[in-house]
Amino acid sequence: LQNLLPCRHMASLALYTRKRLLAMRHGNGSTVCILYGHHNSMSRFVKRLAWLDKLHKKFTSGPMGQLKDLHRVDLFEIGYVSMLGLALCQAKKLHHEMGPVISFNLKRPDGSWYGYREVEKLASLSGIQLRTGCFCNPGACAKYLGLSHFDLISNTEAGHICWDDHDIINGKPVGAVRVSFGYMSTYEDAKSVTNVWTG
């Protein structure tokens, strides 16, 4: 049980930071942050849960809630609770799989990318240490960044190697930014990560 508390603490910091990163928008409404990993599954889950909640409210309030066919409403309630339970189990699994590490890239208002080196240097000025690049995992890096075999060959021919400053090639990022939380990390640390870009 003692080992579970630090894990929950670190995972909750990461979840809090993911939500803050996903909520960031430019003045024109465009998305600032793209997360990599199981985050797409998590955002689909959040949308499904919102839809389910909206459907539940529609069915249990107003004219629908006053239906004389109570059997139909009861069946809906049972289905809703079952679907909600399944959705929460999926969320718990995703939350556990994602852990305390967040990989992402940032976009400019025009949709082009900020280079991960630029993000790292900006964070460094605020006293935040990030890891950037492909994290010694070029296969996963290529997969999540959508880099084709041709892109990888082209990047190598352009002179790109690990730890160089070529972070955007042909308009595409060739690495990402990673934030990791540990046992001693705090919510203030988590806030400071996103405050670098939100001001």
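Every heavy atom of this structure was used, including side-chain atoms; hydrogens, water molecules and symmetry mates were not.
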Which residues share a disulfide (SG to SG under 2.5 Å) with Cys33, sequence neighbours left out: none
Which heavy-atom pair separates Gly133 from Cys141 by the least distance, and what is that distance? O-SG, 4.4 Å
Evaluate the criterion side-chain hydrogen bond (donor to acceptor under 3.5 Å, both in side chains) for residue pair Asp189 and Ser192; output intermediate values, then yes/no. CA-CA 5 Å; Asp189 296 332; Ser192 65; 5.0 Å; no
Which is it for Val119 and Thr132 under the side chain to side chain contact (heavy atoms under 4.5 Å, CB included) test, yes or no, and what are the steps along the way? CA-CA 9 Å; Val119 173; Thr132 59; 6.0 Å; no
Tell me every residue that passes salt bridge (charged side-chain N to carboxylate O under 4.0 Å, His left out) with Arg20, counting only those two or more places apart in sequence or in another chain. none
For a side chain to side chain contact (heavy atoms under 4.5 Å, CB included) check, start with the C-alpha distance between Val101 and Phe181, then their side-chain angles and the critical distance, and finish with the verdict. CA-CA 7 Å; Val101 178; Phe181 293 102; over 6 Å; no
d(Leu22 CG, Phe104 CZ) to nearest 0.5 Å is 11.0 Å
Could you go through Trp113 and Leu106, starting from their C-alpha distance and side-chain angles, then the distance that decides it, and tell me whether this counts as side chain to side chain contact (heavy atoms under 4.5 Å, CB included)? CA-CA 6 Å; Trp113 298 96; Leu106 301 176; over 6 Å; no
Distance col, row Ser148:OG vs Leu152:CG, nearest 0.5 angstrom, shows 6.5 Å
Side chain to side chain contact (heavy atoms under 4.5 Å, CB included) evaluation trace for Asn195 with Val193: CA-CA 6 Å; Asn195 287 346; Val193 169; over 6 Å; no
Disulfide (SG to SG under 2.5 Å): pairs with one or both residues in residues 144-197, sequence neighbours excluded: none
Heavy-atom closest pair, residues Ala14 and Pro100: CB-CA, 3.7 Å
Quick one: do Asp167 and Tyr114 satisfy side-chain hydrogen bond (donor to acceptor under 3.5 Å, both in side chains)? Show the steps, please. CA-CA 9 Å; Asp167 50 9; Tyr114 285 103; over 6 Å; no
Does any N or O in the side chain of Asn105 come within less than 3.5 Å of the main-chain N or O of Gly175, such that one atom is a donor and the other an acceptor? yes
Non-neighbouring partners of Ile153 that pass side-chain contact (heavy atoms from CB on, under 4.5 Å), sequence neighbours left out: His149, Glu157
At what distance, to the nearest 0.5 angstrom, does OH of Tyr144 lie from CG of Leu35? 12.0 Å
Sequence neighbours excluded, the answer for side-chain contact (heavy atoms from CB on, under 4.5 Å) partners of Asp110 is Arg108, Ser112
OG (Ser126) and CH2 (Trp197) are apart, to the nearest 0.5 Å, by 8.5 Å
Going by the angle between their ring planes, with limits at 30° and 60°, are Tyr16 and Tyr187 parallel, tilted or perpendicular? perpendicular
Quick check against the 3.5 Å criterion: does Thr17 have a side-chain atom that pairs as donor or acceptor with the backbone of Leu13? yes
Is any side-chain heavy atom of Asp151 closer than 4.5 Å to one of Ser154? no
Heavy-atom nearest pair, Gly29 first then Arg25, reads O-CD, 3.2 Å
His160: partners by side-chain contact (heavy atoms from CB on, under 4.5 Å), with sequence neighbours left out: Tyr116, Asn155, Asp164, His166, Ile169, Val174
For the pair Arg117 and Glu120, find out whether any cationic side-chain nitrogen is under 4.0 Å from an anionic carboxylate oxygen. yes
Minimum side-chain heavy-atom gap Arg131-Cys136 below 4.5 Å: yes
Do any N or O atoms from the side chain of His26 and from the backbone of Lys107 form a donor-acceptor pair under 3.5 angstrom? yes
Hey, is CG on Asn28 packed in by over 12 heavy atoms from elsewhere, all under 6.0 Å? yes
Does NZ or CZ of Arg178 fall inside the cone over Phe135's six-membered ring, less than 6.0 Å from its centre and within 45° of the axis? yes
To the closest 0.5 Å, what do you measure between OG (Ser30) and CE (Met24)? 11.0 Å
